[in-house]
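Contents: one structure, followed by commentary.
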Amino acid sequence: MIASVVVPQAMAEELHSVANLTTETAGVMLASVVQAPNGDLRLLARHMRWVDESAYDRREWNSLSIRSEGYVHALAEAETLGAACIWVHTHPGQHASPQPSKHDWIVDREITDLFRLRSGSPYYGALIFSPRASEMTFTGHIQREGSTAVQIERMWQVGDRWRLTRAFDSALPHLPEVFDRNVRAFGTPVQQTLSDLRIGIVGCGGTGSAVAEQLVRLGVRHLVLVDPDDLSQTNLTRVYGSGELDVGQPKVLVLARHLGRISSDLLCETVQSMVTIESAARRLVACDIVYGCTDDNAGRLVISRLATYLLTPVIDCGVLLSSDAGGELTGIDGRVTILSPGQACLVCRDRIDLARARAELLTPEERIRREDEGYAPALARTEPAVVSFTTLVGAIAVSELLERLIGYGPKRRPSELLLRCHEREISTNLAVPREGHYCHPASGKIGLGMTTPFLEQTWPT
């Protein structure tokens with residue numbers, strides 16, 4: 001079991017600022033606790049409530065004492081939100097250790113039951129932060145009532161920039177010499193992050209297979225592949241790793257075998273299902289990032305919600321080839337959209353055809369009947385696709401991951417890239433959520449975690 005705390009960028013910057021103060025500081029993090037099907041725990045940070053200065057009896061560089069009035073209001077708020085409470089404090093100083101002291105363990109034992117009782121959550125956790133040059137380091141644990149405590153090993157910062165930090169007492173991934181050229185380009189920390197990321201890919205066709213191969217060659221070693229289809233003969237012109245003998249086999253297995261030949265230490269989970277099936281969508285809960293490489297609108301509706309409810313960044317890809325009546329190619333359009341918590345979802349961007357999404361969820365018989373009656377749009381049959389264009393879009397999608405880890409681009413990063421290959425043009429934009437929509441910060445949905453129904457949407461039976 002791996003436990004990770006997922007922190008929005010604004011909160012991460014706040015934690016970093018407080019960790020650099022010269023006196024110890026404490027507060028309560030309100031977080032949704034999500035358990036993935038594989039057993040991993042993810043703490044989705046929603047709010048940080050610092051102890052008011054008036055509630056400190058003592059506050060020094062190496063100790064503090066706080067009256068209960070400094071945190072009970074946060075426990076009540078957690079109960080209202082259905083969140084767990086994580087006790088947070090700092091160990092100041094560039095050479096300080098975030099390891100808990102004997103006194104820290106005593107405080108933990110004293111407040112654990114109170115925090116659970118007042119918040120109504122079976123979970124209690126603790127985090128300690130210390131500064132390290134321009135970064136910060138931490139230790140932490142999370143414990144469910146009646147179970148043993150689990151170390152919080154990872155902190156995943158999401159927002160305009162993405163950053164993965166390993167706990168002070170957690171081992172970093174080993175980097176073999178094969179990544180020497182990568183390390184020379186963007187350094188050891190980014191390479192270690194790539195090796196530690198859990199990435200989901202929905203759709204294993206031309207774009208998805210190109211994304212998967214590039215990620216593995218970059219050093220990603222944890223993948224979840226989701227696709228319902230078997231490999232067809234026409235897929236051979238685009239799907240990386242496929243050959244004639246693979247026709248008729250599940251795309252996820254064909255791609256997983258190919259990726260396994262590139263890296264024998266790859267951990268690759270395969271899900272042969274549509275992502276519109278709830279059990280398949282739940283398999284993405286453990287992922288740090290999800291790539292949307294599916295061409296159906298209903299699937300994009302699901303993927304789009306991950307950034308809001310689970311704080312999981314999504315990189316969604318699309319390729320559209322247009323031809324005139326004579327069959328001549330007239331348009332080559334590509335799209336890479338990056339969804340982070342608090343930014344516009346695919347619906348707000350008008351990147352999903354809602355009528356088609358509803359039609360895609362109908363049974364074939366029901367769809368034909370409704371099409372004939374004019375109540376559902378006729379769905380496109382077979383769209384044109386060319387490997388050079390699906391690969392191009394896949395490469396740009398992977399480069400967006402690198403840019404957000406490294407930070408070599410403009411400070412105000414666009415959240416969408418539009419490619420017009422036929423005109424040799426690329427444009428960018430940055431969209432904001434619509435008022436009243438679930439992705440808007442005022443909705444209260446950001447980091448909400450597990451809901452009933454899952455992602456607060458209707459699932460087909």
Side-chain angles (χ1 to χ4, degrees), residues 200-217 223-263 266 268-277 280 291-300 303 316-335 353 356-357 359-365 367-368 371 377-398 419 421-422:
I201 301 176
V202 179
C204 296
T207 307
S209 63
V211 166
E213 175 154 341
Q214 291 180 57
L215 289 176
V216 172
R217 293 191 184 278
L223 287 179
V224 179
L225 306 179
V226 182
D227 195 298
D229 296 330
D230 294 333
L231 189 78
S232 68
Q233 195 165 16
T234 59
N235 293 148
L236 294 177
T237 60
R238 300 179 314 286
V239 175
Y240 281 79
S242 66
E244 292 179 347
L245 296 180
D246 297 316
V247 172
Q249 298 183 42
K251 283 183 182 178
V252 290
L253 297 184
V254 172
L255 182 56
R257 281 199 302 267
H258 171 60
L259 300 176
R261 288 191 291 269
I262 298 173
S263 173
L266 173 68
C268 188
E269 180 182 349
T270 58
V271 184
Q272 189 182 12
S273 172
M274 297 174 65
V275 76
T276 51
I277 303 300
Y291 276 89
C293 304
T294 179
D295 56 4
D296 67 297
N297 290 272
R300 285 196 169 102
I303 296 168
D316 188 65
C317 311
V319 183
L320 176 65
L321 305 186
S322 306
S323 303
D324 60 19
E328 184 175 342
L329 190 61
T330 57
I332 308 165
D333 295 282
R335 175 183 58 80
D353 186 324
R356 286 179 175 272
E360 288 164 357
L361 293 174
L362 299 173
T363 64
E365 295 79 10
R367 185 187 306 152
I368 292 173
E371 287 176 5
L379 299 181
R381 300 298 180 243
T382 303
E383 297 287 354
V386 177
V387 65
S388 55
F389 307 130
T390 54
T391 301
L392 172 62
V393 171
I396 291 178
V398 173
L419 291 74
C421 301
H422 53 291

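- Checking side-chain atoms of T330 against main-chain N and O of S322 turns up a donor-acceptor pair under 3.5 Å.
- Taking each heavy atom of I201 and C293 in turn, the nearest pair found is CG2-SG, 4.3 Å.
- No donor-acceptor distance shorter than 3.5 angstrom exists from the side chain of T391 to the backbone of S388, with no hydrogens or angles considered.
- Rounding to the nearest 0.5 Å gives a distance of 6.5 Å between CG of L215 and CG of L223.
- The two residues D227 and D229 make their nearest non-hydrogen contact at OD1-N, 2.9 Å.
- No side-chain heavy atom of S242 sits less than 4.5 Å from a side-chain heavy atom of N235.
- Partners of T294 under the side-chain hydrogen bond (donor to acceptor under 3.5 Å, both in side chains) rule, at least two apart in sequence or in another chain, are D296.
- Here the CZ-CD distance, from R300 to E360, works out to 9.5 Å after rounding to the nearest 0.5 Å.
- Residue D333 holds its CG atom at 10.5 Å from CZ of F389, rounded to the nearest 0.5 Å.
- Separating the CZ atom in R335 from the CG atom in D316 is a distance of 4.5 Å, to the nearest 0.5 Å.
- In terms of the side chain to side chain contact (heavy atoms under 4.5 Å, CB included) criterion, residue partners of S273 (sequence neighbours excluded) are, by chain and number, V271, I277, A280.
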Stepwise side-chain contact (heavy atoms from CB on, under 4.5 Å) test for Y240 and V387: CA-CA 9 Å; Y240 281 79; V387 65; 4.2 Å; yes

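- Take P250 and apply the side chain to side chain contact (heavy atoms under 4.5 Å, CB included) test, not counting sequence neighbours, and it matches D230, V252, L253, Q272.
- Within the 4.5 Å cutoff, the side chain of H422 has heavy atoms near those of the I332 side chain.
- Nearest heavy atoms, D353 versus N297: N-OD1, 2.8 Å.
- The side chain to side chain contact (heavy atoms under 4.5 Å, CB included) search around T237 returns none, not counting sequence neighbours.
- Contacts classified as side-chain hydrogen bond (donor to acceptor under 3.5 Å, both in side chains) and involving residues 200-213 (residues at least two apart or in different chains) are given here: E213-R217, E213-H258.
- Closest non-hydrogen pair, G241 versus V254, comes out as O-CG1, 4.1 Å.
- The two residues V386 and R238 come nearest to each other via the heavy atoms N-CD, 4.0 Å.
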Audit row: L236, L231, side-chain contact (heavy atoms from CB on, under 4.5 Å) steps and yes/no: CA-CA 8 Å; L236 294 177; L231 189 78; 3.8 Å; yes

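- Screening residues 241-261 for salt bridge (charged side-chain N to carboxylate O under 4.0 Å, His left out) gives D246-R257 as the qualifying pairs, with residues at least two apart or on separate chains.
- The shortest side-chain heavy-atom distance between V239 and L255 does not fall under the 4.5 Å cut-off.
- Between C317 and V393, the shortest heavy-atom distance links the atoms CB-CG1, 3.9 Å.
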